[in-house]
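Remember, predicted model here, so these are calculated numbers, not experimental data.
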Amino acid sequence: MSVQLNCSYLDSFISADDCKALDPEIRKAHDFLYSNKAAAKGNDFHGWLTLPFDYDKEEFSRIQSCAAKIRSDSDILVVIGIGGSYLGARAVLEFVKSKNYNLVRDKNDPQIFFVGNSISPAELSQVLSLCRQKDFSVNVISKSGTTTEPAIAFRLFRQLLVEKYGAEEAAKRIYATTDRAKGTLHDLSLREGYEMFVVPDNVGGRYSVLTAVGLLPIAAAGIDIASLMAGAAASAEKYADPDWQKNDCYRYAAIRNILYRKGKMVEMMVSYEPDYQMMNEWFKQLFGESEGKENKGIFPASAIYSTDLHSLGQYVQEGSRLLFETVVVFDKSKNDITIAEDPENLDGLNFLAGKTMSYVNQKAFEGTVLAHTDGGVPNIILRLPEMSAYCAGELIYFLEKACAISGYILGVNPFNQPGVEMYKKNMFALLGKPGYEDLSDELAKRLHHQS
């Protein structure tokens with residue numbers, strides 16, 4: 001099993017000379033990750049690079065034990081986090097299980113709800129109402145414990161746990177994934193006796209799915225996290241060669257940058273499986289936060305085909321020629337359905353009788369990739385054998401490493417996100433948080449003037 005990169009639909013868009021010209025930049029980016037870390041921007045966040053085989057085995061065992069406990073005593077697991085603190089876990093859960101996991105899960109699997117990623121009172125109220133009726137546990141994920149969205153959610157669910165079970169029992173149902181040594185959540189966890197897991201100092205949030213950040217909720221859903229890590233380890237070994245001609249991960253990173261330099265400013269990640277939708281969302285955070293700096297970067301977008309062909313298809317086919325597609329396809333579907341013959345054939349579909357839906361889906365992909373490339377949209381194909389835990393691990397590591405290499409080729413630090421803090425300062429000032437009084441007055445005047 002491995003991720004297979006198919007570049008055959010790029011022949012009219014990229015030449016061999018284009019790739020060859022980028023070779024020095026690819027090798028420099030590789031050196032930044034490995035032999036020349038001191039010169040690399042963000043070199044203190046390279047911990048994900050060796051994570052698939054160099055992780056805390058004792059913590060990993062505790063994750064498995066706590067997941068088993070959650071599965072035995074909880075009907076619901078509430079996962080509280082935002083951005084990288086929840087996207088990766090939810091992406092893997094739906095990739096391996098289903099986007100309808102809570103409806104089709106096995107009877108021993110808890111429902112899993114991801115909250116604290118918005119400030120919607122409607123969403124929180126619904127999950128709180130469900131938890132009042134059932135046994136539940138909470139996995140709160142925050143490096144600091146003070147990020148606004150998850151902190152609000154944790155306050156509410158912690159209060160409900162204490163109200164429902166009492167303080168002592170509530171503490172046994174709270175699992176905190178936080179900083180190793182400091183912070184509000186770390187200190188609270190020590191004081192209250194919560195089971196604690198670590199957000200590694202050298203792994204940024206969007207690269208953290210293979211740490212306790214993602215592993216506990218994934219394991220609680222009954223997914224084999226050992227297989228997930230094995231897939232990632234296989235990718236780590238496979239994509240270590242600095243020669244881009246032997247390394248599909250580096251070829252993908254190079255192709256993205258070549259297309260960007262040719263005016264392709266938007267990358268649309270596409271799959272023909274709805275269970276891939278949250279992996280698309282994780283991809284958008286990974287690449288958007290990593291590359292969108294210094295007025296540079298490819299804008300990451302996504303679609304699920306054939307669904308979105310009926311809404312975005314016209315634009316992709318004939319709109320502004322500013323995008324390219326990265327299409328993720330699978331050799332094997334989780335399930336399949338054979339289309340039966342209808343004696344009346346009122347819908348005119350008897351020409352499909354005896355064929356499987358996965359066959360039809362494959363032909364939809366083939367027809368679309370030909371149409372879009374004919375329309376001037378470059379298509380990169382990533383093919384995987386199936387939607388399993390092992391393949392999820394392979395793909396996650398492939399995309400993480402491609403993102404790091406691509407960011408270094410672009411000339412930015414792929415591991416920081418300075419622009420994310422601006423909205424927070426404004427929000428805190430408008431909410432009246434102590435210490436933001438001067439900014440509050442300024443923003444109030446601006447809002448009054450603009451209204």
Side-chain angles (χ1 to χ4, degrees), residues 41-42 45 80-87 90 114-128 140-159 178-179 182-185 199 204-208 260 263-268 280-302 311-312 315 319-320 322-323 403 407 410-451:
K41 300 174 182 177
F45 284 97
I80 300 174
I82 195 167
S85 295
Y86 94 99
L87 274 173
R90 186 170 178 182
F114 294 88
V115 303
N117 48 71
S118 78
I119 315 178
S120 166
E123 181 185 48
L124 275 180
S125 296
Q126 291 164 7
V127 181
L128 283 164
V140 55
I141 307 165
S142 176
K143 184 82 168 168
S144 65
T146 58
T147 304
T148 305
E149 295 90 339
I152 291 173
F154 183 49
R155 174 179 286 201
L156 294 170
F157 281 94
R158 181 181 171 223
Q159 288 172 344
T178 188
D179 190 89
K182 64 183 187 299
T184 298
L185 182 56
V199 180
R206 56 190 176 275
Y207 289 82
S208 67
Y260 175 66
K264 303 300 182 181
M265 309 296 291
V266 176
E267 177 178 18
M268 182 178 287
N280 274 340
E281 297 303 311
W282 173 77
F283 156 83
K284 287 192 285 190
Q285 187 203 3
L286 177 66
F287 280 84
E289 264 193 1
S290 297
E291 292 190 322
K293 294 149 196 170
E294 302 174 24
N295 297 318
K296 300 177 183 178
I298 300 167
F299 183 83
S302 66
S311 57
L312 297 174
Y315 186 94
S320 178
L322 51 70
L323 62 85
C403 183
L410 188 64
V412 300
N413 178 354
F415 304 108
N416 68 353
Q417 55 280 340
V420 172
E421 300 305 314
M422 184 57 69
Y423 92 89
K424 295 180 183 179
K425 292 178 182 178
N426 288 351
M427 183 175 70
F428 291 153
L430 293 169
L431 287 169
K433 186 174 181 178
Y436 290 82
E437 290 82 3
D438 291 344
L439 181 59
S440 176
D441 292 340
E442 177 191 335
L443 293 177
K445 290 177 183 177
R446 287 176 58 190
L447 288 171
H448 177 75
H449 175 72
Q450 290 174 335
S451 64

request  = Applying salt bridge (charged side-chain N to carboxylate O under 4.0 Å, His left out), name anything that partners Lys264, two or more places apart in sequence or on another chain.
outcome  = none
Heavy-atom distance under 4.5 Å between the side chains of [X] and [Y], does that happen here?
X: Leu322; Y: Phe299; value: no
X: Lys284; Y: Ser302; value: yes
X: Ser290; Y: Arg206; value: yes
X: Asp179; Y: Val199; value: no

inquiry  = Just checking Tyr207 against Phe415, ring centres under 6.0 Å apart?
reply    = yes
Audit row: Phe154, Leu185, side-chain contact (heavy atoms from CB on, under 4.5 Å) steps and yes/no = CA-CA 10 Å; Phe154 183 49; Leu185 182 56; 4.1 Å; yes
Considering non-hydrogen atoms only, spot the tightest contact between [X] and [Y] and give its length.
X: Gly145; Y: Ala151; answer: O-CB, 3.8 Å
X: Phe283; Y: Ala301; answer: CE2-O, 3.8 Å
X: Gly116; Y: Glu149; answer: O-CB, 3.2 Å
X: Pro414; Y: Cys403; answer: CB-O, 4.4 Å

message = The criterion is side chain to side chain donor-acceptor pair (under 3.5 Å); which residues satisfy it with Ser120, sequence neighbours excluded?
response = none
Could you pull out all residues at least two apart from [X] that satisfy side-chain contact (heavy atoms from CB on, under 4.5 Å)?
X: Tyr260; answer: Met265, Lys296, Ile298, Leu410
X: Asn117; answer: Ile82, Tyr86, Phe114, Glu123
X: Ala429; answer: Tyr436, Leu439, Ser440, Leu443
X: Val115; answer: Val78, Ile80, Leu124, Val127, Ala153, Phe157

query = So, Lys41 and Asn416: side-chain donor and acceptor under 3.5 Å apart, yes or no?
reply = no
task = Go through Ser142 and Thr147 one step at a time and tell me if the side-chain contact (heavy atoms from CB on, under 4.5 Å) criterion holds.
result = CA-CA 7 Å; Ser142 176; Thr147 304; 4.0 Å; yes
ask   = Short question: side chain of Gln285, backbone of Gly84 - any donor-acceptor pair under 3.5 Å?
value = yes
task = Find the distance between CE (Met268) and CG (Asn280) and round it off to the nearest 0.5 Å.
result = 10.0 Å
